Amino acid sequence: MRLVFTEEQEELRRSVRRLLEKTSASRELRQVIDSDLGYDPEVWALMADQMGLQGLAIPEEFGGSGYGWMEQVAVLEEMGAVLLCSPYFASVILSATMLLSIDDPEARRDLLPGIAGGQSIATVAFTEDDGRWHDAPIRTTARPGDGVWCLDGHKTYVLDGMTANLILVVAATPGGASLFAVDARSPGLVRTPLETLDQTRRLARLELRGTPARLIGAEGAAKAALARTLDLACMAIAAEQVGGAQRCLDMSVEYAKTRVQFGQPIGTFQVIKHKCADMLLEVESARSAAYYAGWAAGEDPEALPAAASLAKAYCSRAYCHVAAENIQIHGGIGFTWEHDAHLYFKRAKASELLFGDAGEHRELLADRLGIESLRLGGGRIDA
Amino acid sequence: MGNSVHPDTDESAIVDAAIAKLLQAHPPARTETQELLGAVFDSGLAWIHFPVGIGGLGLSTVLHQYVYSSLTAAGVPDYISETPIGYGMAGPTIAEHGTEAQIAHHLRRIFTGEFVWCQLFSEPGAGSDLASLSTRAVPTGDGWLVNGQKVWTTLGHLAQYGLLVARTDPDALKHQGLTYFLLDMTLPGVEVRPLRQMSGDAEFNEVYLSDVLVPDSARIGGVGEGWGVAMTTLANERLVLGATTPRHGGAIDEALALWSAREDKTSAAARVLRDRLLDLWIRDDVAWLTGARAAQRRESGPGPEGSVSKIARSSINQQTYELCADLRGAASLIYSAAAALDGTAQPGYMFLRSRAQSIEGGSSEVLRDVVAHRVLGLPPSHRPDKGIPWNEVPRS
Ligand SMILES: Cc1cc2nc3c(=O)[nH]c(=O)nc-3n(C[C@H](O)[C@H](O)[C@H](O)COP(=O)(O)OP(=O)(O)OC[C@H]3O[C@@H](n4cnc5c(N)ncnc54)[C@H](O)[C@@H]3O)c2cc1C
């Protein structure tokens, strides 16, 4: 197993960091948060045209560049570090993975190149009002209509549901959970923005009333595809969590060196030092978990479900811990709306809740490996 | 296998070939222990990062754990657990600072376990603050006269040799007046008294040094340079000893076995235990992964993940052994300190023993300080002992 990056991967990381530092630093973040759109289309276009980020892990035959998951991990870490407000996660991680996990060559040819090139923004709508992510009952139904299918029901907590032009909806047919492509302009689709805890990630609720839709893959094929997509989404959000947690640690350490009380920098006080040391421990541990999941995604698909749950469980708690300590170390200023500390704190909590919290993933892990024989492969550390 | 760390050499191929050759020429099942371990040393697999000829292959440490687990799985005796101080501390210290004669005399014998070692660093007045130690070594003729008291000396009662740090210049700053010796424990004036620990057994000792005449040939490193040599000892302790626990082994393995053997897995109380088990299982595996990542990064210098792993590991082990006690339930009320003194294995021993893990080899508090200063660059705290000679520093 390899848990470190190659020089080329590090170079990719550095160029993403440069781009985001230039275009998506704290000031821009505030502007985007307050904007109607919720993301910056210019940055989105730069990401696509200059760096090909949307197509990074999409196979070349569908307009992407066919890189592996470790590259994706490096990119997501950088995005998490700046709390990038962008439909990247919904479009690239959720939607492209969903399409690649379902056997429908025609749909891939039709839909993936747009996602890879950034012309199309897609999302996956699967969660319903019960707020369950895994093996949830699906109440949204699909019935065959006049050459198209028609969807009825509702979906909620849909990532970037307002900005997406292509919505992949999971709905029930007699054949089971099935995937449907819905054009966002379709009649019978009502989208309502949700007011969210995390100001940096937008969610929407969708109502479907006889909305026309195109069936992707076979009826019943969405269950397995959704499970795989969720595994990769957990791996991916863990990478984001690592980036955000690292940034919280950096902010705390920087502040501890410069804020003076009792005639000395607060970082001189051992309690503050030890908090920072513990934050480093959490960040480095989270990093190990996320990189392992990233490695498994590419190299050990059998271990992925467990590795993804391991990473999601660990990184969720680590990020929440570090984001809370960051507020504490900043004192009063850390509690203000002005300061970015709360944006990280909210992102941390929301990221834990999305796709299942730490407790849920501990249980999933037990299910996936069997609690009596919890074992993960890959004991060999390669040179 | 990705090879970005070593674009030009394939360390794995070298190591695999050496292992195969060794096992073929000296089948563990049919080779006497000393001979087998000697052969491991001669094939360069003892410490793969040492130079060729003194037990190594001149490689990085990346495959250290791999070699250890491959050899022990093939039936080679557990050379790390059996001689932890010799293997983990004395070997690397002598390899780096020793004279040719010291290297030739000691390294192979350390590895084969012929010489047992102990570490004579801590004193009643000098624990975390090791550099404040007061055992004195005064030059006499062509040697040194050593007087003082050491404490918490693991294996002191069995050791032929000890890694000794003593003060040779009390007027110098405390880090500068120290000198390091490879002490022959059989010399007159060395007295070892057992110390009983909270687990009931006595793996460590007090060592009294009274007018011990130590030849200068036992000195390792320059006079007054003992602190630097001691740093080598401590840095290697963590690097080398970190390898012994396999993934999912040790405490968490015991906890899983106890869970599996349990009848009640569904009551409310059992659900709580189960969640603690899962949480610790994850933390244990993440700590293992961090160790693996540190090993892979070591090529480009130790990264921050190495410094934090001992803090994490000791706390995870303590909590996991406590969970084991809870999983055994009322049976954990029973414990025989007398049996522990006799060396009889019993459940509950590690629950007690693991309390030492956050103290020995650098307490978790001191390690957090180290991380805060060296890794995070936070400012040093006020130090009343800074910049004044050792003999003017207040001591308890
Ligand atoms: C099982 C066991 C085996 C050992 N084996 C050996 C051995 O073989 N050879 C050997 O030389 N030594 C050995 N030791 C000793 C070990 O290295 C010391 O116990 C350790 O360095 C701590 O020193 P101390 O016990 O004097 O505690 P102290 O240094 O007195 O510490 C007491 C408390 O104060 C805290 N503290 C100290 N300094 C600071 C600071 N700057 N900031 C914050 N908190 C601080 C510590 O964290 C601890 O909680 C062993 C110890 C144990 C428990």
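Just so it is clear, the model here is predicted, and its values are computed rather than measured. Here is the naming used below: chain letters follow the sequence lines, and residue numbers restart at 1 for every chain.
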| task | For Tyr344(A), check ring pair (Phe, Tyr, Trp, His ring centres under 6.0 Å) against everything at least two apart and list the hits. | result | none
| message | Is a donor from one side chain sitting under 3.5 angstrom from an acceptor on the other, for Tyr319(A) and Glu240(A)? | response | no
| Closest-packed option against chain B by number of heavy-atom pairs under 4.5 Å, given Ala289(A), Cys276(A), Ser309(A), Ala256(A) | Cys276(A)
| message | If the condition is side chain to side chain contact (heavy atoms under 4.5 Å, CB included), which residues does Ala325(B) pass it with, not counting sequence neighbours? | response | Ser332(B), Phe351(B)
| message | Nearest 0.5 angstrom please: Gln318(B) CD to Leu280(B) CG, how far? | response | 11.5 Å
| Can you say whether the rings of His64(B) and His49(B) are parallel (under 30°), tilted (30 to 60°) or perpendicular (over 60°)? | perpendicular
| Among Arg274(B), His373(B), Arg368(B), who wins on heavy-atom pairs under 4.5 Å with chain A? | Arg368(B)
| note | Given Glu299(A), Lys257(A), Glu282(A), the one with more heavy-atom pairs under 4.5 angstrom with chain B than any other is Lys257(A)
| Those residues of residues 260-270 of chain A, ordered by number, that approach chain B below 4.5 Å (heavy atom to heavy atom) | Pro265(A), Gly267(A), Thr268(A), Gln270(A)
| message | Under a 3.5 Å threshold, yes or no: a donor from one side chain and an acceptor from the other, between Asp278(A) and His274(A)? | response | no
| said: Distance alone, cut at 3.5 Å: any donor-acceptor contact between the side chains of Asp279(B) and Tyr314(A)? | reply: no
| Check: Arg283(B)/Gln319(B) side-chain N/O donor and acceptor closer than 3.5 Å | yes
| field | Side-chain donor-acceptor contact under 3.5 Å, Thr72(B) with Asp78(B) | value | no
| Given that the side chain runs from C-beta out, which part of Pro380(B) has a heavy atom under 4.5 Å from chain A: side chain, backbone, both or neither? | backbone
| said: Non-hydrogen contacts under 4.5 angstrom with chain B: give the residues of residues 349-363 of chain A involved, or none if there are none. | reply: Arg362(A), Glu363(A)
| field | Region of Arg271(B) that comes under 4.5 Å of a non-hydrogen atom in chain A | value | side chain
| ring pair (Phe, Tyr, Trp, His ring centres under 6.0 Å) assessment of Trp288(B) paired with His248(B) | CA-CA 8 Å; Trp288(B) 186 90; His248(B) 312 310; 7.5 Å; no
| Do Ser354(B) and Asn317(B) have side-chain N/O donor and acceptor atoms under 3.5 Å apart? | no
| message | salt bridge (Lys or Arg N to Asp or Glu O under 4.0 Å), that's the test. Do Arg247(B) and Asp285(B) meet it? Break it down for me. | response | CA-CA 7 Å; Arg247(B) 191 173 191 180; Asp285(B) 197 43; 2.7 Å; yes
